[in-house]
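Residue numbers start from 1 in every chain, and the chains themselves are labelled A, B, ... in the order their sequence lines are given, proteins ahead of strands.
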Number of protein chains: 2
Amino acid sequence: MIGGRLKSLRGKKTQEEIANHIGVSRARYSHYENGRSEPDYETLQKLADYFKVTTDYLLTGKEKPSDEDMFSDPDLQIAYRDMQDFSPESKQQAIEFINYLKEKEKNRKPKNK
Amino acid sequence: MIGGRLKSLRGKKTQEEIANHIGVSRARYSHYENGRSEPDYETLQKLADYFKVTTDYLLTGKEKPSDEDMFSDPDLQIAYRDMQDFSPESKQQAIEFINYLKEKEKNRKPKNK
DNA sequence: TAACTAAGAAATTCTTAGCCC
DNA sequence: GGGCTAAGAATTTCTTAGTTA
């Protein structure tokens, strides 16, 4: 399960190195990689931080390692959710402003396409 | 921790309804909401599926409900997708404008709902 | 040196049953 | 009905110590 992902994320580093960084014993980390036990949520978070992936990725493997370049930043998502609660008028205003920015973007960098 | 998020996601549904859907006892689900215990990974996944959010969101609260079924206007969705291609500067501008509108909305209707 | 594991200890979760509002 | 929780049972994890390669 999550073990395999940990294994490949670790690469050529030793188990001890990872274990030290996240503050668990060697044996404990080994258990995680071999599926003998699963990390508690706190440790899972530390592992995700250390490997620079989301907990989602560790758990499901369905997301890609979200290194630096995440398309969808949280701020944008929050803004989007906010917009859904807007009155029709505000919604319209928001959309218009976004379209305005979109035009500006176009001119800034002449795209192919 | 994750309990609070479960609570708000549940809304006005009963604990029993959620519990039945994910296949755990009432008491067990109650424990999750009140932080007396934490769901194992399998149950966490079921909860995330049921509430249509990522496990990341349940664990950290940092991500949004998965945009899979962000219903609402198509126009808004298009605008959202456009924003993802924006430069950081334009993104920032868009977010600021949305926040400005958000404030305006707040003042428009001082009382809840 | 690095990784793995058996076995018991320790910690956590789950169930039952009941209580409260 | 709907939600909460004490106590013990059940399950899981963690540590130690030792084995394997």
Undergrad: Phosphate oxygens OP1/OP2 of dC14(C): is one of them under 4.0 Å from a side-chain N or O of Ser25(B)?
TA: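 No, no such contact exists.
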Undergrad: Out of curiosity, Phe51(A) CZ to Ile22(A) CD1, how far, rounded to the nearest 0.5 Å?
TA: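 It comes to 7.5 Å.
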Undergrad: Could you state the CZ-P distance from Arg26(A) to dT16(D), rounded to the nearest angstrom?
TA: 12 Å
Undergrad: Distance check: side-chain N/O of Gln15(B) vs OP1/OP2 of dC4(D), anything under 4.0 Å?
TA: yes
Undergrad: Could you go through nucleotides 7-11 of chain C and list every protein N or O atom that sits under 3.5 Å from one of its N or O atoms, giving the distance for each pair?
TA:
none

Undergrad: If you count the non-hydrogen atoms of other residues, nucleotides and ligands that lie under 6.0 Å from OH in Tyr50(B), is the total more than 12?
TA: yes
Undergrad: Please determine whether the number of non-hydrogen atoms from other residues, nucleotides or ligands lying under 6.0 Å from atom CD of Glu42(B) exceeds 12.
TA: no
Undergrad: In residues 32-45 of chain B, which residues come under 4.0 Å of DNA chain D by heavy atom?
TA: Asn34(B), Arg36(B)
Undergrad: Going by salt bridge (charged side-chain N to carboxylate O under 4.0 Å, His left out), name the residues that satisfy it together with Glu38(B), two or more places apart in sequence or in a different chain.
TA: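 Salt bridge (charged side-chain N to carboxylate O under 4.0 Å, His left out) check on Glu38(B) returns nothing, list empty.
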Undergrad: At what distance, to the nearest 0.5 angstrom, does CD of Gln15(A) lie from NE2 of His31(A)?
TA: 10.5 Å
Undergrad: Roughly how far apart are Tyr32(B) OH and Arg5(B) CZ, rounded to 0.5 Å?
TA: 16.0 Å
Undergrad: If you only use heavy atoms from C-beta on, which nucleotide in dT15(D), dA17(C), dA3(C) is closest to the side chain of Ala27(A)?
TA: dT15(D)
Undergrad: dC4(C), OP1 or OP2 - any side-chain N/O from Lys7(A) closer than 4.0 Å?
TA: yes
Undergrad: Within the structure, does a side-chain N or O atom of Thr14(B) lie under 4.0 Å from either OP1 or OP2 of dG2(D)?
TA: no
Undergrad: Nearest to the side chain of Arg28(A) - dA2(C), dC14(D), dC4(D)?
TA: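 Of dA2(C), dC14(D), dC4(D), dC14(D) is nearest to the side chain of Arg28(A).
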Undergrad: dT5(C) P sits how many Å from Tyr29(A) OH, rounded?
TA: 15 Å
Undergrad: Gln92(B) and Glu96(B): side-chain donor and acceptor closer than 3.5 Å?
TA: yes
Undergrad: Please assess Arg10(B) against Leu6(B) for the test side-chain contact (heavy atoms from CB on, under 4.5 Å), listing each intermediate value before the final yes or no.
TA: CA-CA 6 Å; Arg10(B) 175 161 63 88; Leu6(B) 290 177; over 6 Å; no
Undergrad: Does OP1 or OP2 of dA3(C) have a side-chain N or O of Ser30(A) closer than 4.0 Å?
TA: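 No, because none of the side-chain N or O atoms of Ser30(A) sits under 4.0 Å from OP1 or OP2 of dA3(C).
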Undergrad: Indicate whether any N or O donor in one side chain lies under 3.5 Å from an N or O acceptor in the other, for Glu33(A) and Tyr29(A).
TA: yes
